[in-house]
Every structure is written in C-alpha cells, then in structure tokens.
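Positions are given from 1 along the sequence. All of these numbers come straight from a predicted model, not from anything done at the bench. Counting convention: from 1, in listed order, for ligands and their atoms alike.
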Amino acid sequence: MQNVETISARKVLDSRAEWTVEAELNGFFGSAPAGASKGKHEAKAVCVDKAVEFINNTLGKNLIGLPLSQGKIDAVLGKNMVSIGENGATALSFAAYNCIWNSKPLPKKLVFPYPLGNVFGGGAHGGSIDIQEVLISPLGAKTFPEAIDVMSKIYHLLKKKLIKDNVFRGTNDEGALTGDVEFSTLMEYLFKTTSANGCRIGLDMAASGFWNGKKYVYKQEGTSRTSKEQIEYVVDIAEKYNLFYIEDPLHEEDFEGFAELKSRLKKVLIVGDDLTVTNTARLAMAIKSHSISSMIVKPNQVGSVTHALESTALCKKCGIVPVISHRSAETTDVTIARMALDAEIPFVKFGVADMRVAKLNKLLRIWSNSRNKVMAKI
Ligand code: PGA
Ligand code: ZN
C-alpha cells in the first residue's frame with residue numbers, strides 16, 4: 001500500500017462565488033461543498049482560512065507517512081474535526097478517496113444510478129414556491145445516457161413553458177428553474193409531461209425551513225399548516241401527482257410524523273435529509289422508529305467518506321434506499337459520482353444544469369468507457 005506523501009490546502013471558489021477548501025493529497029484533489037438549508041445536527045464548518053491554515057501548518061505533517069487507507073486518514077480527520085471543520089475534513093477525505101480510487105481497477109460490473117434532478121426551485125435556494133425542490137427522475141430509462149436525455153428534455157420543456165407563459169425568473173442556487181407560477185399549476189404541467197416521458201416527480205420539501213416551532217408557514221402561498229394538516233397535505237399531493245419520492249416532508253425532529261407518513265404512503269420513498277444528516281446514530285433512531293424508507297447521503301454532513309459509506313451500508317442492510325447528494329454550493333469535484341458507483345447507490349441527486357453537470361458527465365464518461373454495466377434495480 002502506498003503512503004501519504006504530500007498534503008496541501010488552499011482556498012478555491014464554489015458555485016455561490018464563496019471561498020471553500022480545496023485539499024491536495026499525493027497530487028489528487030478534493031473540495032468541500034456547502035449547504036444553505038443545513039440540518040441542525042450536521043457537522044459544523046469552520047472559517048475557510050482557519051481550515052486551510054490548519055491543514056498546511058499542522059494536520060498535513062501528522063498525516064504524512066500514514067498508509068493510504070481511507071479509514072486511517074478519516075480517523076485522524078475525525079479527531080481534529082473541531083479545528084479543521086467539516087469543510088476541511090470533507091476536502092481532505094475526498095482527496096484521499098480520489099487518490100485511492102485512482103490506484104485500483106474499476107469493478108468488473110458497474111451498477112449505474114438513476115439521476116434525480118432539481119428542475120424547479122424555491123425555499124432557501126431562492127424562487128417563488130415554499131417547497132425547496134421539485135425533482136424529476138427518469139425511472140423508465142434503460143441506460144444512464146437515456147436517463148440524462150429524458151431529464152434534460154423535461155428541464156427544457158419546462159423552461160420553454162415558463163418563458164411562453166411569461167413567468168420565467170431565471171435559475172436559483174442549484175441551477176433549478178424559478179418562476180412566478182403557483183405550485184399546483186407547475187405540478188399539473190410536470191405531471192402531464194413526466195408521465196408522457198417515463199419519468200416521475202419527487203419533492204424536497206425541506207420542511208424545517210418553514211417550521212416555526214408550531215406550524216408550517218407557507219409564506220408564498222399565504223397559508224400555514226399544523227403538523228396534522230401538513231401530513232394530510234403531503235398525502236394529498238403524493239396521490240394527486242403520483243409522487244415517488246418526498247424528502248424532509250416534516251421538520252428535522254419529527255421522527256413520529258415521518259413514521260406516520262411512511263405507513264400511509266407505502267409506495268413513496270419517504271426520505272430523511274435534515275432528519276438523519278448522514279449520521280449513523282440519527283439513522284439508527286430513524287430505523288428504530290420506522291420513520292424513513294430512503295436517506296440522503298451527503299458526506300459533508302459528517303465530514304468523512306468513511307462515515308458516509310457506513311451510513312450507506314447501514315441503509316442497505318435495513319432496506320432503506322440511499323440517495324447520494326450534492327449541496328446547493330458545489331465545485332466541479334466528482335467524488336460523490338465515484339462513491340455512487342463504488343457503493344452501488346441507486347440514486348444520485350446532482351442537479352440538472354450549470355456546473356453540476358461535472359458529476360453527471362463523469363458518470364456519462366465512465367458509462368461510455370465500460371463494457372459490463374447495468375442500471376440499478378429500483
Ligand atoms: P442545501 O440543500 O445543500 O442548501 O443544504 C439541499 C437539500 O436540502 O437537499
Ligand atoms: Zn434536502
């Protein structure tokens with residue numbers, strides 16, 4: 001096994017034109033994404049300058065000479081999480097992963113994920129609806145390129161429709177479309193268009209973002225809902241628009257409410273993101289209370305590839321569908337695309353347009369170069 005020979009870090013820009021940490025290990029890179037609607041229980045970032053300085057002046061020296069093992073490197077990062085933050089740790093953990101990935105052959109048979117793309121946005125990412133993300137996934141596609149083709153076709157159809165109706169208002173933080181359109185009008189259109197194209201709709205409600213401690217306050221809609229009413233509302237829209245996926249339909253502490261939704265919507269993926277924050281302890285709580293059928297995996301919520309893959313493995317063991325996901329501020333780092341293949345994760349939530357295509361293009365490139373490949377069984 002190779003050893004860690006060189007380590008360095010610097011500031012680079014992310015898609016919000018904010019500084020983030022880029023780490024370099026043996027000539028391989030990793031950079032940290034950043035969220036705008038973060039879960040309360042996520043690992044905490046530190047100031048970018050502080051993380052860079054700590055890697056360059058202290059931590060790098062401690063890591064040099066260590067065997068090139070993800071587990072060993074991530075264990076050291078974990079011990080230094082307070083100084084390095086999840087941002088420094090994620091960048092370095094990604095750099096190690098990319099270095100290790102490069103040193104081993106690709107698996108003989110590759111299982112490709114289905115893309116799950118944010119086509120219309122609101123909430124904390126900017127836009128005219130309270131719900132953060134309206135997602136689509138081309139579940140009828142037979143190949144990864146076909147899936148990307150269908151997803152972008154629908155993105156363009158929706159964009160044309162918004163422009164034609166004179167309601168288009170550009171794109172938001174995740175490259176999703178925004179516009180002055182009511183949620184029901186948008187959903188009617190998407191339901192018709194996705195159904196005609198072998199595609200299904202999902203939502204990331206990111207409900208903690210509009211929970212005020214007593215009610216879900218839908219500012220744009222000018223209404224609010226109690227927890228009970230929110231559950232009825234979610235059941236209603238799931239049935240009306242044949243939703244296959246609902247992320248964070250309730251706030252991040254409501255394990256019981258999630259469980260009720262899961263038992264009422266047996267055919268819909270009830271997905272934890274802010275609820276579970278990729279953390280095995282939170283996931284264990286969700287498993288115990290039967291709260292979720294699917295979970296978002298975001299390595300920077302825990303600051304470690306090892307921990308993110310442990311959460312993924314625990315999901316799979318318990319019949320919970322893992323979905324690996326970008327953050328609203330991204331770089332062109334493709335580590336999570338590689339992780340999706342490595343851990344056979346059936347869905348990738350990487351966005352549809354702008355610089356997010358780096359990750360989709362990475363998978364398209366691997367698809368085109370590999371002989372033995374199948375789409376995930378879903
Ligand atoms: P964030 O949102 O990356 O801005 O936190 C993404 C999500 O909630 O899935
Ligand atoms: Zn989310």
Side-chain angles (χ1 to χ4, degrees), residues 14-18 20 31-45 85-87 90 115-127 129-137 171-176 178 201-211 216 234 243-254 258 261 268-279 282-283 286 291-303 308 311 315 320-331 333 335-336 340 345 347-356 359:
D14 68 20
S15 55
R16 271 197 278 263
E18 307 273 8
T20 189
S31 53
S37 80
K38 292 187 192 175
K40 201 161 77 193
H41 302 281
E42 292 190 24
K44 303 286 176 269
E86 61 77 5
N87 43 348
T90 301
L116 175 64
N118 180 4
V119 286
F120 193 90
H125 297 158
I129 55 170
D130 301 285
I131 289 172
Q132 186 175 282
E133 298 167 27
V134 180
L135 303 146
I136 56 169
S137 191
T171 52
N172 73 1
D173 269 11
E174 287 201 346
T178 67
I201 309 176
L203 296 176
D204 180 2
M205 299 187 78
S208 293
F210 53 98
W211 168 250
Y216 294 94
V234 173
L243 302 182
F244 86 104
Y245 174 106
I246 310 175
E247 183 178 329
D248 285 341
L250 296 160
H251 71 80
E252 62 205 315
E253 307 297 351
D254 193 0
F258 269 74
L261 273 175
V268 184
L269 292 177
I270 301 298
V271 192
D273 174 14
D274 292 347
L275 182 83
T276 36
V277 294
T278 316
N279 182 312
R282 300 277 300 175
L283 171 58
S291 302
I292 53 169
S293 42
S294 175
M295 189 188 85
I296 285 286
V297 176
K298 290 171 172 168
N300 84 320
Q301 287 181 325
V302 285
S311 293
C315 279
I320 291 169
V321 177
V323 177
I324 198 160
S325 169
H326 65 167
R327 302 305 303 249
S328 50
E330 270 295 334
T331 69
D333 186 293
T335 312
I336 56 173
I345 296 176
F347 288 102
V348 290
K349 190 180 172 220
F350 290 172
V352 177
D354 74 27
M355 69 191 294
R356 279 145 222 291
K359 294 166 184 54

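- Ion pairing between a basic and an acidic side chain is recognised when a charged N comes within 4.0 Å of a carboxylate O; Glu42 and Lys298 show no such pairing.
- Any N or O atom pair closer than 3.5 Å counts here, and His326 shares no such pair with ligand 1.
- Residue Arg327 has at least one heavy-atom neighbour below 4.0 Å for each of these atoms of ligand 1: 1 (P), 3 (O), 5 (O).
- Arg282 and Ser311 share no donor-acceptor pair across their side chains, judged by distance under 3.5 Å alone.
- Applying the 4.0 Å criterion to heavy atoms of Gly35 picks out, from ligand 1, the atoms 1 (P), 3 (O), 4 (O), 5 (O).
- Within Asp204, the N/O/S atom positioned nearest the Zn ion (ligand 2) carries the name OD2.
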Do Ile131 and Met205 pass the side-chain contact (heavy atoms from CB on, under 4.5 Å) test, and can you show the C-alpha distance, the side-chain angles, and the key distance before you say yes or no?
CA-CA 5 Å; Ile131 289 172; Met205 299 187 78; 3.8 Å; yes
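- The parts of Ser37 lying near ligand 1 are both backbone and side chain, judged by heavy-atom distances below 4.0 Å.
- Remark: ligand 1 and Gln132 share an N or O pair separated by less than 3.5 Å (distance only, no angle test).
- Each of the atoms 6 (C), 7 (C), 8 (O), 9 (O) of ligand 1 lies under 4.0 Å from some heavy atom of Lys298.
- The Zn ion (ligand 2) lies under 2.8 Å from an N, O or S atom belonging to Asp273.
- Judged by distance alone, with hydrogens and angles left aside, the side-chain atoms of Thr178 form no donor-acceptor pair with the main-chain N or O of Gly121 at under 3.5 Å.
- Annotation for ligand 1: atoms under 4.0 Å from non-hydrogen atoms of Glu133 are 6 (C), 7 (C), 9 (O).
- If you look at Asp173 next to ligand 1, there are no close heavy atoms at all, none under 4.0 Å.
- Considering His125, Lys38, Lys349 only, the shortest heavy-atom separation from atom 2 (O) of ligand 1 involves His125.
- Residue contact check: Glu247 has heavy atoms under 4.0 Å from atoms 9 (O) of ligand 1.
- Each of the atoms 7 (C), 8 (O), 9 (O) of ligand 1 lies under 4.0 Å from some heavy atom of Asp204.
- Side-chain N or O atoms of Thr20 include one that pairs as donor or acceptor with a backbone N or O of Ala32 at under 3.5 Å.
- Rounding to the nearest 0.5 Å places CZ of Phe120 at 12.0 Å from CG of Leu203.
- No hydrogens or angles considered: a donor-acceptor pair under 3.5 Å links the side chains of Thr335 and Asp333.
- One N or O on the side chain of Ser15 and one on the backbone of Glu330 form a donor-acceptor pair closer than 3.5 Å.
- Taking 2.8 Å as the criterion, Glu247 counts as a coordinating residue of the Zn ion (ligand 2), since one of its N, O or S atoms falls below it.
- Contacts between Asp273 and ligand 1 below 4.0 angstrom, taking non-hydrogen atoms only, involve the side chain exclusively.
- A donor and an acceptor atom, one from each side chain of Gln132 and Asn118, are nowhere located under 3.5 Å apart.
- Listed by number with element, the atoms of ligand 1 under 4.0 angstrom from any heavy atom of Ser328 are 1 (P), 3 (O), 4 (O).
- Between the side chain of Ser291 and the main chain of Phe258, no donor-acceptor pair closer than 3.5 Å is present.
- Ser294 contributes no side-chain N or O that, together with a main-chain N or O of Val271, makes up a donor-acceptor pair within less than 3.5 Å.
- The Ala36 neighbourhood of ligand 1 comprises atoms 1 (P), 4 (O), 5 (O), with distances under 4.0 Å to a heavy atom of that residue.
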